[in-house]
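Every chain is numbered from 1, with letters handed out A, B, ... down the list of sequences. Keep in mind that this is a model prediction, so the values were computed, not measured.
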Amino acid sequence: MASWLDSLKVVVCTGTGGVGKTTMAASIGLKAAQSGRKTLVLTVDPARRLADALGLSLRSDGVGRVNSDKYVLDAAMIDAKRIFTEFVQQASPRPEVADRLLKNRLFQQLTSTISGSQEFTSLERLLQAVESDKYDLIVLDTPPTNHAIDFLRAPERIFALFQDSVTRWFVKPSGGLIQDFFSRGTQTVLSALEAVTGKGFLTELSEFFIAAAEIQSTVAKRSIAVHRLLAQSDTGFVLVTAFDEAKLKEGLEFASELGRSGHHLRAVIINRALPDWLKPAQDKALLASGDEVLQRLVEFHGRLAEYYESREKIYLSTLGRMHEDVAFCRVPEGREAIEGISGLERVIQFL
Amino acid sequence: MKRENQKVILVTGKGGVGKSAVAASIALIEAKQGKRVLLAELGERGFFRHVFPGAGDVRPVEVTAGVDAVRWEPEACLREYLLHYLKVEKLVDLFFSNRVMRSFVGAAPGLRELALLGKITSGPRGVGPDLPYDVVVVDAYATGHFRALCMAPVGMAAAIRVGPMADQSRMMTELLKNSKNTKMVIVTLPEELPMNEADELCQFVNQELSISPAIVINRNLPMPLSKQELDSVQQKLVGRDGSMDWLQIFANYMSEQGGRQEAADQRVRGWGVQPIHLPFYFTADWPTLLREMSQDLGHKWQVG
Ligand SMILES: Nc1ncnc2c1ncn2[C@@H]1O[C@H](COP(=O)(O)OP(=O)(O)OP(=O)(O)O)[C@@H](O)[C@H]1O
Ligand SMILES: Nc1ncnc2c1ncn2[C@@H]1O[C@H](COP(=O)(O)OP(=O)(O)OP(=O)(O)O)[C@@H](O)[C@H]1O
Ligand SMILES: [Mg+2]
Ligand SMILES: [Mg+2]
């Protein structure tokens, strides 16, 4: 049977924190691999979640292969700092340029703070994997964000920082700082900034931009390539969401925002849905069995089942508002955390 | 009230564990004790707009008796910070309309976090516009990003060392460390991953900021059967015909869940902290959830 996954070459797994992105990325990867496609799953998860979920240990370069003679499934952990450093080294025309940038304190901050740089590096790593042409499908697991769309916004901000017009502002053709040539407006802004931050900051800042100017053309090229890749029709976004009305509403917003920005949402995975073992019990005779302890257990089961059922209703009423070419999957709540290939195999039947 | 006595309560934890629910409940509890409370969320898009009609605005809006809700955006906070120093609105406008500065503000390492933390701590630090609240409850970022938020002033102070921004940054860190004003709450679940994250974060804030956070273990299933009762039921069900499979699975699940809840409790005690337990509420309705949670938490919650 054809599935939403078959036509895709890249899958980006998004969703707010803790909803099961990494687990679902691993499951999607396993499903594709089992159908005969060479697959890579990329994750930024620092907690080695993906490796645990796939039950494998990664080599020191962060890559591992699931042990199977039936399919090819690779997993790679994205080391944000390393990717950023390599990126700068490759983009720099001379080693001194890379050095200067890597030693700049603001740059070091840029690569060590989570916000933005993680997203930037995972997209860079995704692009590298696509260009390597070694895989039929690449699944990207995204870092936890407040809102699913943040994943796309954050790298844009970093690309903007390296824009030609921005770096040029600080740099004169010979490479020095052109403070003397600034327009009056700019001078005013600069001295205002200096008043607020202190002189040291401004010096760091201009050094940063002088070095950044040298890698600017590469950043621009990569940025365009990333944009193109993400907008391709065989790049599909998957939204993993929890079973909560407010979160489902945010999912709807995400879907329409993706559409507006030219991306393609292909599937919504509602995770932790009503599991079989919580389906309302048919066997009411138990309640009349006279065993008081057993009765208490059955009653409690009924309460929990009712709770899941009421959430299921919310899901059904929200579902009607989604676009039809988006696949819907509901993955039931497991009895315990999902670990290893056998755990993932239980998930993929629902995808 | 004196603004240096303002309490700032930061609520964090892994994604989806119940940070927003706990933050809102704390706000309700404090308001019920007669305090003026601000419930603040961070970022470009709020969550509380789904919970309280009118919430999600960048200006405080009263959402229930004694509680105002607000959403703080990094850029707006930075603007406010600049205005505080430059004093001239025109100059700030010039700054933000400058294309270069706009991109810089967007991506500058740690600047967004710094601006937010500056706002969060602005009350007791006595900087910026008046925040006329006794308590500010912040529904803060999830673990990883929260770390970046707390460490932004440390990084900034290290990167620039001298000048007003470095001084401000050091003051923010001081305030975070000051338990008279600041309280940190880590929400977790009786599950392995959220517990691991809580563990790491707890150690981190202990070491880097000398903070001992409160730990809330959320969503504990109230056990309908004692351990012995569960054992006996499980034994009774073994070998019964297939029609009882579901109950057997459920009994096993309950017994495993009981084990996980106990392990979580023990683990938190091992960090030298008395955990606060919250039960699982059988509702998907936010008003009901908040009513019950604030009632239960109210008995266990004490600020300084
Ligand atoms: N359907 C399910 N049933 C039971 N457990 C699940 C299910 N889906 C996910 N989990 C468990 O929930 C936990 C969180 O899942 P996961 O790490 O995939 O979330 P995430 O969205 O990647 O989190 P983060 O945003 O922190 O990266 C894991 O322990 C996983 O095994
Ligand atoms: N004690 C509880 N019993 C039952 N449901 C709960 C409980 N606490 C929270 N929930 C539910 O869990 C879900 C997540 O809660 P909440 O939105 O507060 O988490 P969060 O940590 O703020 O999530 P996010 O990281 O996405 O911001 C919601 O659907 C909420 O209704
Ligand atoms: Mg993850
Ligand atoms: Mg929340």
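Residue pairs meeting the salt bridge (Lys or Arg N to Asp or Glu O under 4.0 Å) criterion with at least one member in residues 13-24 of chain A: none, sequence neighbours excluded.
Interface check for chain B: of the options A:Glu306, A:Arg303, A:Lys247, the most heavy-atom pairs under 4.5 Å are formed by A:Arg303. Taking chain A as the reference chain and counting heavy-atom pairs below 4.5 Å, the highest number among B:Tyr81, B:Phe250, B:Phe95 is found for B:Phe250. Contact count against chain A (heavy-atom pairs under 4.5 Å) is highest for B:Pro224 among B:Gly16, B:Pro224, B:Gly163. By number of non-hydrogen pairs under 4.5 angstrom with chain A, the leading residue of B:Ala166, B:Gly155, B:Gly43, B:Ser232 is B:Gly155. Note: A:Leu304 leads A:Thr16, A:Val19, A:Leu304 in heavy-atom pairs under 4.5 Å with chain B.
Heavy-atom distances place no part of B:Met151 under 4.5 Å from chain A, backbone and side chain included. The contact between A:Ala246 and chain B is made by backbone and side chain atoms together, counting heavy-atom distances below 4.5 Å. With a 4.5 angstrom heavy-atom cutoff, B:Leu42 touches chain A only via backbone atoms. Only the backbone of B:Thr283 comes within less than 4.5 Å of a heavy atom in chain A; its side chain stays farther off. Both the backbone and the side chain of B:Pro222 come within less than 4.5 Å of a heavy atom in chain A. For chain A, the nearby part of B:Ala158 is the backbone; its heavy atoms alone come within less than 4.5 Å. Of the atoms belonging to B:Leu225, heavy atoms from both backbone and side chain fall under 4.5 Å from chain A.
For A:Glu336, the salt bridge (charged side-chain N to carboxylate O under 4.0 Å, His left out) test picks out no residue, with sequence neighbours left out.
Heavy atoms of other residues, nucleotides or ligands lying less than 6.0 angstrom from CD of B:Glu192 number 12 at most. Around NZ of B:Lys90, the count of heavy atoms belonging to other residues, nucleotides or ligands within 6.0 Å does not exceed 12.
Salt bridge B:Glu229/A:Arg296: present, at least one basic N to carboxylate O contact under 4.0 Å. Salt bridge annotation for A:Arg272-B:Glu191: present, with a cationic side-chain nitrogen under 4.0 angstrom from a carboxylate oxygen.
B:Tyr281 and A:Tyr307 have their aromatic ring centers separated by at least 6.0 angstrom. The aromatic ring centroids of A:Tyr308 and B:Phe282 lie 6.0 Å or more from each other.
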Q: Kindly indicate, with the supporting measurements, whether the criterion side chain to side chain contact (heavy atoms under 4.5 Å, CB included) is fulfilled by B:Met223 and A:Phe300.
A: CA-CA 9 Å; B:Met223 286 289 151; A:Phe300 192 79; over 6 Å; no

Q) Going through the distances and angles, do B:His50 and A:Glu250 end up as a side chain to side chain contact (heavy atoms under 4.5 Å, CB included)? A) CA-CA 9 Å; B:His50 299 298; A:Glu250 298 205 321; 3.3 Å; yes

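Using a 4.5 Å cut-off on side-chain heavy atoms (C-beta onward), B:Leu247 and A:Leu294 make contact.
A:Thr23 contributes atom OG1, which lies 8.0 Å from atom CG of B:Leu193 (distance to the nearest 0.5 angstrom).
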